[in-house]
Amino acid sequence: MPRIGFSTGALAKGDFQAALRMLKDKHDNAIELSALRVEELPALLDAFDSLDLAKYDYIAIHAPTNAGDDSLLVRRLTPLLDKHPNVVVVVHPDCIKEFEPWSTLDGRVCIENMDSRKPIGQTVADLQDIFHRLPGARLCLDVGHARQVDSTMIEALLMLHEFGDRLAHIHISEVDSTGVHHGMSRGAIADFQRLAGSIDENVPVIIESCVAEGQIESEIDKARESLKHATESISIM
Amino acid sequence: MTASTPHHGKTENRNESTYFSESESAITRLSKKHSRTWDYIAQAQSRSSATLKQIVETIGDEQLPAGDASLIVFGSLARGEQTEKSDLDWILLIDGKVDSNHHQITQQVHRRLKDIPLEQPGRTGLFGKLVFSHPLVHDIGGQEDSNHNLTLRQLLLLESAAIPVSKSEDVRRLVLRKVLDRYVLEDASFIDPQQYENKIPRFLLNDVIRFWRTMAVDYANKYRAREADGWALRNIKLRMSRKLLFMKGLLMCLSWQCARDTNGDWSRDALVLHLERFVQRTPLDVLADFLERFAPKELALQILDLYDRFLALLNDDDRRKQIEALTPDDSVKSPVFREARQMSDDFDKALRELLFDANSEITKLVQFYGVF
C-alpha cells in the first residue's frame with residue numbers, strides 16, 4: 001500500500017503534538033515532523049521517543065531553515081538519527097552554508113527542490129551542483145514547488161530523470177506564487193498526474209497542504225489521485 | 001515502524017533529443033572541416049559576448065524580483081551578430097505576481113543600461129519596457145494576439161537571450177517552455193496523444209510563418225509611414241537577417257521529423273524539450289547545424305559566405321551610411337546597393353536550393369507543410 005501522510009507543519013504550524021493529535025484516527029501511514037524554526041527543534045528531539053508513531057511506516061524530520069550553524073545543527077540531529085536508522089532529514093539547499101557537516105549524514109539527508117522565492121534549488125542544474133557537494137544525499141521532490149516554478153512539469157520530470165535513483169520521498173501540495181501551500185485544486189492534480197508514470201508507487205508521499213482537520217482524509221485521497229497514472233489528455237481542437 | 005527500504009523513482013529512460021552537439025558550434029565544426037573562416041561572423045560573436053559581459057557588470061547588483069524576472073535582449077546582440085551600429089533592444093519580462101515596484105525596477109534598469117554605448121531601443125515601442133508573460137502564453141491567435149504580442153512572442157523564440165543576472169536565464173527558459181507547451185498541447189496535428197511521431201508542430205509553424213509574413217507586411221508599412229526613410233537598409237535586412245529568423249523557426253519545426261536522433265520517445269514532453277533546444281540557439285547556429293547535416297559542401301559554404309558578407313556590410317560605416325541614405329529611386333543607380341541586393345538574391349536562391357534540392361526528405365516536408 002502506498003505510504004501517504006502529512007507534514008505536521010502543514011496542519012499545525014510549530015506544534016507537532018497538535019498535528020499528531022489531528023492525525024490520530026486518520027488513514028495515513030507516513031509522517032514528516034516539522035521543526036522549521038530552530039527554536040522548535042529541542043522540543044521535537046526531546047519528545048521523539050515518547051511519540052506514538054507506531055502506525056507510520058515512513059518517518060522524516062524537516063530540519064530548521066534558520067539554524068545558521070550547520071555543524072551545530074548536524075550534531076544536534078545525529079543522536080536521533082543514530083538511534084532511529086530509518087528516519088531521514090529534509091534540508092533546504094539555500095540554508096546550507098557548510099556542506100561538510102551534512103556529508104557525514106550521507107543518505108539520511110534529503111535535499112528538497114525549492115520554490116521561485118529562493119535564491120537556488122529550483123532547477124536540475126541547481127540540484128546537480130548541490131548533489132556534487134553532497135554526493136550521498138537523496139532527493140525530496142517537492143512537486144508543488146516544481147509546479148510553481150514550471151507549470152509544464154517538465155523540470156520535475158527532468159529532476160526525476162536525473163536524480164530518480166536518489167528519490168527518498170515526495171512533497172505534494174499546491175503552491176501559490178508567494179510560496180504558500182494550499183489544498184490541491186483539480187488543475188494541480190491534473191498537472192501532478194503527468195509525473196505519476198515516472199514515480200514508483202512505493203515512494204512515500206508527504207502532503208504539505210495547509211488544510212483543516214476535517215479535510216485531511218480528502219487531501220489524502222487527492223494525493224493518491226495525483227499520483228495515479230492518468231491517460232494523457234486529448235487536444236481540444 | 002517497519003524498516004524503510006531504499007526508495008527509487010522510476011528512472012525513465014528519457015530519450016532526449018540529441019539534436020545538438022554541446023561541445024562546439026556547427027559554425028566552428030564547418031570552419032574546421034572545410035578550412036574556411038568567416039571573419040565577420042566571428043567578430044560579431046566576440047563583440048556580442050563582450051557586450052553581454054559588459055551588461056552583466058553594468059547591471060551588477062541590480063535586484064530583479066526574486067525568481068520572477070528576466071532581463072532579455074533582442075536583435076543582433078541576441079543573435080550573436082552585433083556590429084558597431086547595433087541597437088540595445090531589451091525588455092524586463094515578469095513571470096509572477098503583479099507588484100507596483102516593477103515599474104521602478106524597469107526605470108532603474110533603463111538608467112543603468114544608458115551606460116552601455118549602444119543605440120537606444122528603436123522606434124517601434126516594443127523594447128525598453130516591462131512585459132508580462134501571461135499574454136505571451138495565453139494570447140496566441142485571436143483578437144488579443146496583437147501585432148505587438150505576436151512579434152514579442154516570436155522574437156523571444158527566435159532571437160532573444162537573457163542577461164545572466166539573478167535568475168534571468170531560468171525565467172526566460174521556463175516562460176518559453178510554457179509558450180512551447182501551449183503550441184504543442186493545442187496542436188490539432190497531435191489530437192491522438194500517441195501520434196507525435198510522423199508529424200511536425202504545425203500550430204507553431206503556422207505562427208512562425210505568420211510572423212515572417214507580418215515582418216514583410218510591416219516593412220511595407222514602414223515604407224509608407226516613414227516616407228521611404230531608411231528603406232534600403234531595411235530592405236537588405238529583411239532579405240538577410242529577418243529571413244534567417246524565419247529559417248530558424250521553420251527548421252525548428254521540421255527538425256522534429258527530419259533530423260531528430262530518436263530512441264522512440266515521441267512524447268509531448270520530448271517535443272517541447274526538443275524545441276527548447278532550438279530556442280536556446282542563435283539563428284545562424286541553427287542554420288549552420290542544418291547545413292552540416294543536409295547541405296552539400298559548396299552550398300553550405302556559399303550560404304555562410306553570403307551571411308559573412310552581410311555582416312561585413314553592416315560593419316562598414318561608409319557603405320552602411322550610403323545605403324541608409326538611399327531613396328528607392330536612387331537605389332537602382334547605387335553600386336553599393338546593387339551589390340547588397342545581389343548578395344541577398346544569392347542568399348535567397350541558396351536557401352531555396354537547401355529547402356527544395358539538397359535533400360529529398362526536407363523537400364517533401366517543405367512542400368507538404370510550407371503551403372497550407
Side-chain angles (χ1 to χ4, degrees), chain A residues 3 53-59 84-88 107 114-120 122-123 125-126 138-139 141 148-155 157-170 176-178 194-195 197-204 231-237, chain B residues 1-16 65-69 94-99 133 137 141 166-167 169-171 173-182 184-196 202-203 265 267-273 275-276:
Chain A
R3 285 166 284 186
L53 303 175
K55 69 168 172 167
Y56 295 114
D57 291 337
Y58 185 81
I59 298 173
H84 301 280
N86 298 322
V87 173
V88 296
M114 295 285 93
D115 66 77
S116 63
R117 296 169 305 159
K118 301 298 171 66
I120 59 162
Q122 294 87 359
T123 63
D126 285 353
R138 299 175 71 196
L139 172 67
L141 179 65
Q148 191 237 32
V149 170
D150 174 17
S151 57
T152 69
M153 302 309 296
I154 289 176
E155 200 69 18
L157 286 167
L158 291 173
M159 285 179 189
L160 286 165
H161 171 60
E162 190 69 24
F163 310 119
D165 56 352
R166 295 176 183 271
L167 186 61
H169 64 266
I170 300 285
D176 71 21
S177 58
T178 62
R194 292 190 67 185
L195 306 179
S198 302
I199 299 174
D200 189 291
E201 62 179 7
N202 292 315
V203 173
T231 306
E232 193 166 350
S233 62
I234 293 174
S235 167
I236 59 170
M237 292 175 69
Chain B
M1 286 181 283
T2 59
S4 67
T5 51
H7 307 293
H8 298 282
K10 289 182 194 172
T11 306
E12 265 192 33
N13 184 21
R14 287 206 69 77
N15 301 309
E16 293 173 1
D68 284 355
I94 302 292
D95 184 37
K97 207 162 174 163
V98 72
D99 185 334
S133 59
V137 175
S166 191
K167 288 275 189 180
E169 288 172 308
D170 283 342
V171 171
R173 179 172 60 85
L174 292 172
V175 168
L176 289 177
R177 182 180 284 172
K178 287 173 211 170
V179 172
L180 292 170
D181 193 55
R182 168 93 203 270
V184 170
L185 179 64
E186 295 177 17
D187 191 324
S189 305
F190 304 130
I191 197 161
D192 178 347
Q194 305 307 317
Q195 282 297 316
Y196 285 90
R202 210 162 190 167
F203 184 7
D265 186 359
S267 66
R268 164 184 159 194
D269 297 331
L271 174 51
V272 171
L273 284 171
L275 296 171
E276 193 170 291

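This one's a predicted model, so the numbers in the text were calculated from it and none came from an experiment.
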**Item:** Toward chain A, the part of B:Asp95 with a non-hydrogen atom under 4.5 Å
**Value:** neither

**Asked** Which heavy atom of B:Lys97 sits nearest a heavy atom of A:Ser177, and at what distance?
**Response** CD-OG, 3.4 Å

**A:Asp176 versus chain B, the contacting section by heavy-atom distance below 4.5 Å** = neither

**Message:** Tell me every residue that passes salt bridge (charged side-chain N to carboxylate O under 4.0 Å, His left out) with A:Glu155, counting only those two or more places apart in sequence or in another chain.
**Reply:** B:Arg173, B:Arg177

**Note, B:Arg268 side chain near A:Thr152 side chain (heavy atom, < 4.5 Å)** = no

**Message:** Run the salt bridge (charged side-chain N to carboxylate O under 4.0 Å, His left out) test against A:Lys118 and tell me which residues pass, sequence neighbours left out.
**Reply:** none

**Asked** What distance do A:Arg194 atom CZ and B:Asp269 atom CG have between them, rounded to the nearest 0.5 Å?
**Response** 4.0 Å

**Request:** Tell me, for B:Lys178 versus chain A, whether the close heavy atoms (under 4.5 Å) come from the side chain, the backbone, both or neither.
**Result:** both

**Heavy-atom proximity to chain B below 4.5 Å, by part of A:Val149** = both

